[in-house]
Structures are given as C-alpha cells and as structure tokens.
Amino acid sequence: MENFLELVNKRESCRKFSGRTINREDLLKCVEAARLAPSACNSQPWKFIIVDDPALKNELCRAAFSAPYTASWPEKAGAIVVVLSESGTFASRIGNLVRDTRYYLIDIGIAVEHFILQAAELGLGTCWMGWFNEKGVKKVLGLPASSKVDIIVPVGYAESNETRKKVRRRIEETYKFNK
Ligand SMILES: Cc1cc2nc3c(=O)[nH]c(=O)nc-3n(C[C@H](O)[C@H](O)[C@H](O)COP(=O)(O)O)c2cc1C
C-alpha cells in the first residue's frame, strides 16, 4: 500500500465473503492496531471477542442475524468480531455526564476503524454492523445481560477484488476554513 488515502479508498463494506479461513496472526495484527487507538482519558473501553470456530460462528450468525436483522452473508466471513463496549474510566464517565457526549462510543469508533483499516491493508474485507440481535449475541457468547455490544464486524476474504466507487458528499460540502 503506497499511502494512507489509498488504503482509505481500498476499504469498503464487504458483504460477499469467499468462505476462506483467516490466520490468527493477521487477526491479531488488527487487534494490535485497535489496541493502539486513542481514547478519552485513555480509558480503552473495548474488548474484541473474535469468533473463528466454524460451529460457534454459525450459531452466532444465526442468533445475531435472524429476522428482523436478517443477513445470511456474514456466515461466509472467516471470523466474526464482536466488539464489547466497556463503560470507560471514572473520569471519562464524568465527562460524559457533564458534556452529554458518549465518549466511549467515539473511542469504540476509532478503535474499530483502526482494526478495519489494518484488515484492509492485509487484504481482508470487513463490514461495520450495528443492526443485529444483541440479546442473541450475548446469549450465544455467555455474556452478562448488563454488557453492551454496539458493533459486530465480520472479517474475511472478499469473493472479488474489485472495488466500488465511493458514494459520498462532495468535499466542498464537508469543510470550511475559519468559519
Ligand atoms: C456504525 C455503522 C453501522 C453499520 N451497520 C451496518 C449494518 O448493520 N449492516 C450493513 O450491511 N452495513 C452497515 N454499515 C455499513 C454502511 O452501510 C457503509 O459503511 C456505508 O454505506 C458506506 O459504504 P462503504 O463502507 O462501502 O464505504 C454500518 C456502518 C457503520 C459505520
């Protein structure tokens, strides 16, 4: 990969996986990229549960993506990454109350995007997923009811290497200098 913008352009949501397995070394590189992400008060409010066992993965997909959250394509991902959101440090929770800003969600967003960009650099496809059955996920993984799973990321090799043109607002609509 020549430069960062090239990598950013390469990353896109993958919804057609080949079914090929991923080696754990590559998955751990993605975790390392996420681990190094910045976070409010350095609270690092994330944990990644990486489900690569085929039987458990299928069970998880059935629980996560049944109606009204229907999606069958994640089953062909090599792994499903379940991102467990933690509540953050005391200081970041105080900040949350005072500013009415959920810093932990910003933190999770940065860490997950680090994970995803590292995956893209390794030639792996990913898709952010916020639409899934959270209760079902917690049940399959034996997570306490009080835990929070905001995002799931299927990771795998894409069926095709072709990239789509990005659908985005024009750059002029997204910034202003000095006002
Ligand atoms: C927080 C978040 C939640 C998302 N949830 C889903 C989802 O549940 N299912 C899905 O297919 N795509 C989901 N997406 C992917 C977006 O649809 C996608 O990023 C957007 O359309 C831009 O396309 P691109 O990722 O290919 O550039 C989500 C993306 C984000 C950032």
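Reckoned from all heavy atoms, side chains included, excluding hydrogens, waters and symmetry mates. Everything numeric in this text was worked out from a predicted model, so none of it was measured. Residues take their numbers from the sequence shown, with the count starting at 1. Both ligands and their constituent atoms are indexed starting at 1 by order of listing.
Under 4.0 angstrom from ligand 1, there are no non-hydrogen atoms of Lys165. In Ala71, neither the side chain nor the backbone holds a heavy atom less than 4.0 Å from any atom of ligand 1. Contact annotation: for Tyr69 versus ligand 1, there are no heavy atoms closer than 4.0 Å.
Under the 4.0 Å distance rule, the nearest protein heavy atom to atom 12 (N) of ligand 1 falls inside the cut-off. For atom 20 (C) of ligand 1, no protein non-hydrogen atom is found at a distance below 4.0 Å.
For ligand 1, the polar-atom distance check against Trp131 finds a nitrogen or oxygen pair separated by under 3.5 Å.
Looking at Glu134 and Lys148, a side-chain N of the basic residue comes within less than 4.0 Å of a carboxylate O on the acidic one, giving a salt bridge. Contact check on Lys10 versus Glu6 returns no salt bridge, with no Lys/Arg side-chain nitrogen under 4.0 Å from an Asp/Glu carboxylate oxygen.
A continuous path of Ile, Leu, Val, Met, Phe, Trp and Tyr side chains, each step under 4.5 Å between heavy atoms, connects Val153 with Ile108, placing both in one hydrophobic cluster. Under a hydrophobic-cluster definition in which Ile, Leu, Val, Met, Phe, Trp and Tyr are linked whenever side-chain heavy atoms come within less than 4.5 Å, directly or via other members, Val81 and Tyr157 are assigned to the same cluster.
The distance from the SG atom of Cys61 to the CD1 atom of Ile152 is 8.0 Å, given to the nearest 0.5 Å. The line from CZ of Arg11 to CD of Glu113 is 5.5 Å long, rounded to the nearest 0.5 Å.
Distances from atom 17 (O) of ligand 1 to the heavy atoms of Met129, Arg15, Glu12, Arg11 show the closest one on Arg15.
Among all protein heavy atoms, the one lying closest to atom 28 (C) of ligand 1 is Trp128 O, 3.3 Å. Nearest non-hydrogen protein atom to atom 25 (O) of ligand 1 is Ser13 OG, 2.6 Å. Among protein heavy atoms, atom 22 (C) of ligand 1 sits closest to Arg168 NH1, 3.6 Å. In this structure, the protein non-hydrogen atom closest to atom 5 (N) of ligand 1 is Gly130 N, 3.0 Å.
Ring-plane geometry between Phe48 and Trp46 is classed as tilted, the angle between the planes lying from 30 to 60 degrees on a 0 to 90 degree scale.
The Trp73 neighbourhood of ligand 1 comprises atoms 11 (O), with distances under 4.0 Å to a heavy atom of that residue. Atoms of ligand 1 found under 4.0 Å from any heavy atom of Arg164, numbered from 1 in the order shown, are 26 (O).
For the side chain to side chain contact (heavy atoms under 4.5 Å, CB included) criterion with Val83, the lone passing option out of Asp150, Ile49, Ile151, Val149 is Ile151.
Within a 6.0 Å sphere centred on CD of Glu173, heavy atoms belonging to other residues, nucleotides or ligands number more than 12.
Under a 4.0 Å heavy-atom criterion, Phe65 is not in contact with ligand 1.
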